[in-house]
Amino acid sequence: MRCSWQEGNRITLLENGDNYYPAVFKAIDRAQQKVILETFIWFEDEVGKQLHSVLLRAALRGIKIEVLLDGYGSPDLSDEFVNELTSAGVIFRYYDPGSRLFGMRTNLFRRMHRKIVVVDEAVAFVGGINYSAEHMSDYGPEAKQDYAIRIEGPVVQDILLFELENLPGKEAVRRWWKRHHRPEENRKPGEAQALFVWRDNGEHRNDIERHYLKMLANAKREVIIANAYFFPGYRLLHAMRNAARRGVRVKLIVQGEPDMPIVKVGARLLYNYLVKGGVQIYEYRRRPLHGKVALMDDHWATVGSSNLDPLSLSLNLEANLIVHDRQFNQTLRDNLQGLIVNDCVQVDESMVPKRTWWNLGISVVVFHFLRHFPAMVGWLPAHTPKLALVNPPVQPEMETQDRVEVEDGGKT
């Protein structure tokens, strides 16, 4: 499957769980036939229980519901929590569930990192927001800053077809070669246009990264990238620096208060190269940044689940929506500029590590290790990721060993 640019869409930017959850829950409550929901994280907290309630209500009134969770990101939902949904008819699956070794999770890689909701053929949501209370602004200092898109229009059909083609039972077309699709160009730029793109471990390994590269090559005035886990490869770094050198204002927003310390260590290895090349780097200091968004000039923008790091670019299953619309672009720009002005510290040369032979050597070694380690893991003869279908309970006390594993054929 390959999607094309679709015209005539209604596109809305949703910031944080405060805006995202009410919009998703309202759409599910209005569903007439079908709901498909994929997410990396679903916690059994206040937000997770609200999602549980709205899905249960929909299922009890006859709506067909399919849920796919990542086995690493959502390992701790209770049997009672899940069984109540499956008893009501919800089809509930885990992507690549892994057993624990000495209490630790073993399925560290090949994550289903997408965050997608499709309701009937009417509305869809794509972005980076999981289902947990930490995405609400009242969560406290650890509340995450993040984004998603609500969209109506023809592109919803593309997202729905993508979901249907990736359900179990749809056999992948296996080829002995790997095709790499070129970025789908918008040959008739206009307004309210959208393109659904994704990354998998088959024929779409580089699609999202290629759109970033094409965007940077086409930029004429301004690029703003806000990315929570920023550690891309050489091509994207070169493209950012080259754009800045030809006069484009390239602004990069990264975490200044990361949820994982290694994030700041990795990003700062790149500061010298980017700052010396004219890229403006801003550390977001208000709280952890979880967004994965970008914009270019006054028309191009993207929102999705894909970070610009080795996991998202090499192993994870990701999905982004690319938007060509001036009003949406301006809305996102106003939001990101607000972050820069109110909550960011610009990185200057005083914050860049000194260029000594020792620092250079350490940076090269660490960069290569962090950049290539996930890909090297992907080369190992690891198990084929599977889907685990949670069967409806025969009795309330049904144990988790009744899960039936279904191989996904490498498509999900």
Side-chain angles (χ1 to χ4, degrees), residues 1-5 38 40 95 109-116 126-128 158-159 162 165-166 172-187 194-219 223 225 227-243 250 252 266 270 292-296 300-324 367-368 370-380 382 384-385 408-412:
M1 175 182 175
R2 185 177 181 182
C3 295
S4 299
W5 282 93
E38 297 183 339
F40 179 61
Y95 177 83
F109 304 106
R110 295 179 175 83
R111 302 173 184 178
M112 201 295 297
H113 198 243
R114 299 188 299 252
K115 292 91 175 176
I116 299 175
V126 178
D158 286 346
I159 301 171
F162 167 82
E165 286 193 10
N166 282 273
V173 178
R174 300 183 183 276
R175 298 180 174 90
W176 60 270
W177 74 94
K178 297 294 183 183
R179 295 172 57 190
H180 296 288
H181 297 289
R182 293 183 178 179
E184 182 73 21
E185 292 191 32
N186 190 355
R187 300 187 183 279
L195 174 69
F196 180 68
V197 296
W198 66 94
R199 192 217 161 268
D200 59 25
N201 291 307
E203 296 181 359
H204 299 271
R205 292 174 179 243
N206 303 309
D207 287 20
I208 294 175
E209 184 177 15
R210 285 169 179 258
H211 277 281
Y212 269 92
L213 293 170
K214 188 71 173 178
M215 174 270 288
L216 287 162
N218 290 339
V223 169
I225 298 173
N227 206 267
Y229 304 101
F230 182 81
F231 205 80
Y234 298 118
R235 291 193 303 170
L236 203 147
L237 292 172
H238 287 322
M240 291 176 65
R241 183 163 159 156
N242 289 341
V250 181
L252 171 64
L270 309 176
K292 307 96 169 55
V293 303
L295 63 86
M296 181 263 283
W300 189 99
T302 187
V303 177
S305 68
S306 181
N307 293 298
L308 297 175
D309 72 344
L311 283 177
S312 283
L313 298 177
S314 300
L315 291 174
N316 286 350
L317 308 183
E318 306 284 3
N320 275 42
L321 198 72
I322 299 176
V323 176
H324 196 294
F367 177 87
H368 280 282
L370 291 178
R371 174 62 188 145
H372 295 293
F373 175 70
M376 289 187 290
V377 171
W379 298 335
L380 296 176
T384 300
D408 75 339
K411 287 195 65 179
T412 304

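Because the structure is predicted, anything quoted here is derived from the model rather than measured. Residue numbers count from 1 along this sequence. The basis for the numbers below is simple: all heavy atoms, side chains too, and nothing from hydrogens, waters or symmetry mates.
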- Item | Over all atoms of both residues, closest heavy-atom pair of S306 and N320 | N-OD1, 3.3 Å

- If you round to the nearest 0.5 Å, how far is CZ of F40 from CD of E318? 9.0 Å

- Atom CZ of F196 and atom CG of D207: how far apart are they, to the nearest 0.5 Å? 11.0 Å

- Message: With side chain to side chain contact (heavy atoms under 4.5 Å, CB included) as the criterion, how do L216 and V223 come out once you've worked through the C-alpha distance, each side chain's angles and the decisive distance to 0.1 Å?
- Response: CA-CA 7 Å; L216 287 162; V223 169; 3.9 Å; yes

- Where G127 and V303 come nearest, the two heavy atoms and their spacing: CA-CG1, 4.3 Å

- Message: With a 3.5 Å distance limit and no angle check, can you tell me whether R199 reaches the backbone of R205 through a side-chain donor-acceptor pair?
- Response: yes

- Message: Whether the side chain of N186 engages the backbone of W5 through a donor-acceptor N/O pair (distance < 3.5 Å, no angle test) should be reported.
- Response: no

- What closest approach, in Å, do N307 and A228 show between heavy atoms, and which atom pair accounts for it? OD1-CB, 3.8 Å

- Task: Could you tell me whether the side chain of N206 and the main chain of R210 form a donor-acceptor pair under 3.5 Å?
- Result: no

- Task: Would you confirm whether N227, through its side chain, and L308, through its main-chain N or O, come within 3.5 Å as a donor-acceptor pair?
- Result: yes

- State, to 0.1 Å, how close M240 and V250 come at their nearest heavy-atom pair, and which atoms those are. O-CG2, 3.8 Å

- Do any N or O atoms from the side chain of D200 and from the backbone of G202 form a donor-acceptor pair under 3.5 angstrom? yes

- From NZ (K292) to CG (D309), nearest 0.5 Å: 8.0 Å

- Roughly how far apart are L317 CG and Y95 OH, rounded to 0.5 Å? 4.5 Å

- Item | S305 (side chain) donor-acceptor with A319 (main chain) under 3.5 angstrom | yes

- Query: Judged by atom type as modelled, is there a donor-acceptor pair below 3.5 Å linking the side chain of N201 to the main-chain atoms of L315?
  - Reply: yes

- Determine yes or no for a side-chain-to-main-chain donor-acceptor pair under 3.5 angstrom, with T302 supplying the side chain and L321 the backbone. yes

- Looking only at heavy atoms, what is the nearest atom pair of L236 and P232, with distance? CB-CB, 4.0 Å

- Output for pair (F162 CZ, E38 CD), nearest 0.5 Å, gives 6.5 Å

- Query: If every non-hydrogen atom of L195 is compared with every non-hydrogen atom of S4, which pair is closest and at what distance?
  - Reply: CD1-C, 3.4 Å

- When rounded to the nearest 0.5 angstrom, what distance separates CG in L237 from CZ in F230? 5.5 Å

